[in-house]
Amino acid sequence: MALFLVLVLPLAAAKPTKEQKRIAQRDIHIRLAQLYMEQNDFVDAYEHMTIALENDPRCAPCYAMRGEIAMEREYLPLAAGNYRQACLYAPDSATYHMEYARALMFLDSTGSAAIHLEQALRLNPDLLEAERLTALNLYLQDDYRHAIDTHLAYMHHFMFAEHYAPEQEELFLTIPDSLANEYLLRRLDSCVRHSEGDIQNMYRTTFTKVLYQVLGTRLIDCYQQGRWAAAQRIVERLQQTEPADYSLYLLHGQCAFEQEQFKISERDWLYAGEKDSTHASMAYHLLGCQYYYQKRYAEAIEALDESIRHDRTKNPHAYLFRGRSYLALGDTLVANEDFETILEEDTSYYNSVRQFALLYLGEREEAVNWQENLLRTAPKSDIYFSAACFYALLGEDEQAGRMLDEAIAAGYHSMTSIRYSPELSHIRQP
């Protein structure tokens with residue numbers, strides 16, 4: 001039998017098909033786009049992703065990446081259009097539905113966003129970001145109660161998934177509906193009472209943050225409207241939550257002062273000054289001003305000494321009230337030293353009292369010029385009040401009265417300062 005040597009030759013490599021070439025080209029441009037994105041070159045990244053789509057027009061990840069690039073560049077309609085295509089070609093992707101919803105929310109299409117967020121959570125109930133966006137979307141639709149419940153549920157899930165409390169989101173920055181505010185606080189109270197362990201600490205921390213945000217907004221409103229009793233109640237509620245926040249004693253003392261509860265304001269400001277060096281300068285300054293208004297000049301000087309000792313910025317207002325107190329006691333020489341300090345430190349129109357120092361030092365014309373220039377620099381209510389005191393010292397009662405009217409019209413609500421300021425004794429409002 002003849003033996004035949006069989007040579008096995010390698011098969012010739014198969015030529016890639018057109019489809020394979022297109023996919024290879026797509027992948028090359030996807031990789032290039034990713035590299036450009038890593039360098040924050042979003043223009044070239046978008047261009048390469050567009051070329052990738054020319055090779056594979058049904059590539060859902062390509063549309064999603066273009067949507068991400070457009071979001072980075074804040075081209076919101078373009079981002080939404082790309083995410084819409086991604087959802088069309090990959091309808092089972094929870095992430096694509098979620099990102100499409102995010103773009104829609106930026107475009108104020110909250111109704112459409114809700115549909116895609118629901119779809120995302122149906123596809124993946126554990127997608128925490130979709131749950132958070134759902135709460136935010138409800139908030140944007142003014143459905144505050146559902147937003148609160150959804151956000152609380154998200155926080156609960158986040159805690160167990162990530163083992164730490166989430167940062168506060170836009171939902172809790174401001175909730176304009178007062179009933180929703182109350183509902184939020186009750187819900188958080190309930191969470192604190194009925195939860196255990198780390199989750200309880202999370203809710204307690206969250207409760208404090210939200211309480212400060214919500215009640216802080218109310219407190220500002222009360223201050224702006226001169227509703228001191230209501231502001232005082234809000235501060236007292238905050239003090240129950242954070243008794244070691246000594247800044248609250250400054251606010252509580254201010255509310256008491258404005259209601260002529262001078263013993264309470266004195267107590268609060270002394271306590272804050274003794275307990276917390278951070279707030280000591282302001283606490284003693286406020287106390288010194290109160291003593292000055294009460295004509296307790298020696299105590300005013302002592303309090304203002306403490307304020308100045310704790311303050312490295314040389315607050316000109318503290319020197320002004322201390323100088324005035326020395327003048328009231330007849331010590332013109334020491335008073336003038338404080339007024340000279342003001343001239344050295346107070347050289348801009350911001351929060352300025354330079355005009356008073358000039359006036360007390362006998363530079364009347366320069367003082368008037370400074371005051372007039374100060375009134376030209378977008379004056380606010382406190383500047384008008386200061387001007388009223390200045391013109392009253394000049395003996396120009398009519399002009400002082402006009403400035404006081406301007407102060408009240410502009411929102412100056414410290415009626416106690418108006419009633420007790422010695423400078424306004426001739427024009428004081430009843």
Side-chain angles (χ1 to χ4, degrees), residues 30 33-34 37 42-43 45-50 52-54 56-158 161-162 166-177 179-181 183-184 187 210 213:
I30 288 175
Q34 291 170 337
M37 285 186 69
F42 297 111
V43 174
Y46 194 91
E47 182 178 344
H48 279 286
M49 198 52 62
T50 300
L53 278 169
E54 290 173 358
D56 184 4
R58 300 174 65 86
C59 177
C62 293
Y63 283 110
M65 190 175 291
R66 283 210 318 182
E68 181 183 351
I69 295 168
M71 286 291 284
E72 286 283 350
R73 301 289 293 173
E74 298 185 4
Y75 300 148
L76 302 178
L78 185 61
N82 277 284
Y83 280 126
R84 181 175 63 249
Q85 291 298 107
C87 292
L88 176 65
Y89 293 119
D92 293 333
S93 171
T95 301
Y96 295 165
H97 284 285
M98 179 185 73
E99 294 302 333
Y100 184 27
R102 191 196 306 273
L104 290 169
M105 288 167 62
F106 275 103
L107 292 169
D108 294 326
S109 298
T110 53
S112 298
I115 294 171
H116 286 276
L117 287 169
E118 289 174 7
Q119 179 68 0
L121 288 170
R122 275 198 298 269
L123 292 166
N124 183 1
D126 296 323
L127 191 57
L128 286 171
E129 179 64 2
E131 194 171 2
R132 186 191 72 84
L133 288 175
T134 299
L136 183 56
N137 196 50
L138 288 166
Y139 165 74
L140 294 174
Q141 293 174 307
D142 297 335
D143 190 352
Y144 301 124
R145 292 195 174 193
H146 285 116
I148 289 165
D149 285 335
T150 304
H151 197 81
L152 288 172
Y154 152 72
M155 289 171 59
H156 185 86
H157 296 159
F158 190 105
E162 305 292 339
E167 292 295 323
Q168 293 308 296
E169 300 295 342
E170 298 93 328
L171 174 66
F172 286 154
L173 292 179
T174 174
I175 300 179
D177 186 291
L179 293 176
N181 288 340
Y183 179 71
L184 168 60
R187 292 285 286 110
V210 173
Q213 289 165 349

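A quick note: this is a predicted structure, and the numbers were derived from the prediction, not measured.
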Give a yes or no on this: more than 12 heavy atoms of other residues, nucleotides or ligands lie within 6.0 Å of atom OH of Y89.
yes
With a sphere of 6.0 Å drawn around CZ of R58, does it hold more than 12 non-hydrogen atoms of other residues, nucleotides or ligands?
no
Identify the heavy atoms of [X] and [Y] that sit nearest to each other, and give their distance.
{"X": "A60", "Y": "A90", "result": "CB-CB, 3.5 Å"}
{"X": "A103", "Y": "M71", "result": "CB-SD, 4.0 Å"}
{"X": "Y83", "Y": "A64", "result": "CE2-O, 3.5 Å"}
{"X": "L117", "Y": "A101", "result": "CG-CB, 3.5 Å"}
{"X": "E131", "Y": "L121", "result": "N-CD2, 4.1 Å"}
{"X": "C62", "Y": "I30", "result": "SG-CD1, 3.6 Å"}

Could you walk me through whether L53 and R66 pass the side chain to side chain contact (heavy atoms under 4.5 Å, CB included) test, one step at a time?
CA-CA 10 Å; L53 278 169; R66 283 210 318 182; 3.5 Å; yes
State, without any angle test, whether Y46 and N82 hold a side-chain donor-acceptor pair at a distance under 3.5 Å.
yes
Closer than 3.5 angstrom, by distance alone: can the side chain of S109 be matched with the main-chain N or O of S112 as a donor-acceptor pair?
no
Using only atom types and a distance under 3.5 Å, with no angle test, would you say the side chain of Y100 pairs donor to acceptor with the backbone of Q85?
no
Rounded to the nearest 0.5 Å, what separation is found between the [atom1] atom of [X] and the [atom2] atom of [Y]?
{"X": "T110", "Y": "Q141", "atom1": "OG1", "atom2": "CD", "value": "4.0 Å"}
{"X": "Q119", "Y": "D92", "atom1": "CD", "atom2": "CG", "value": "8.0 Å"}
{"X": "H116", "Y": "Y96", "atom1": "NE2", "atom2": "OH", "value": "15.0 Å"}
{"X": "E72", "Y": "M37", "atom1": "CD", "atom2": "CE", "value": "6.0 Å"}
{"X": "T95", "Y": "N124", "atom1": "OG1", "atom2": "CG", "value": "7.0 Å"}
{"X": "L140", "Y": "L136", "atom1": "CG", "atom2": "CG", "value": "4.5 Å"}

Does L107 reach the side chain of P77, with side-chain heavy atoms less than 4.5 Å apart?
yes
I would like to know whether S93 and L123 meet side chain to side chain contact (heavy atoms under 4.5 Å, CB included); could you show each step before the answer?
CA-CA 7 Å; S93 171; L123 292 166; 6.0 Å; no
Sequence neighbours excluded, the answer for salt bridge (charged side-chain N to carboxylate O under 4.0 Å, His left out) partners of D143 is none
Under the side chain to side chain contact (heavy atoms under 4.5 Å, CB included) rule, collect the residues that match up with E129, sequence neighbours excluded.
M98, R102, R132, L133
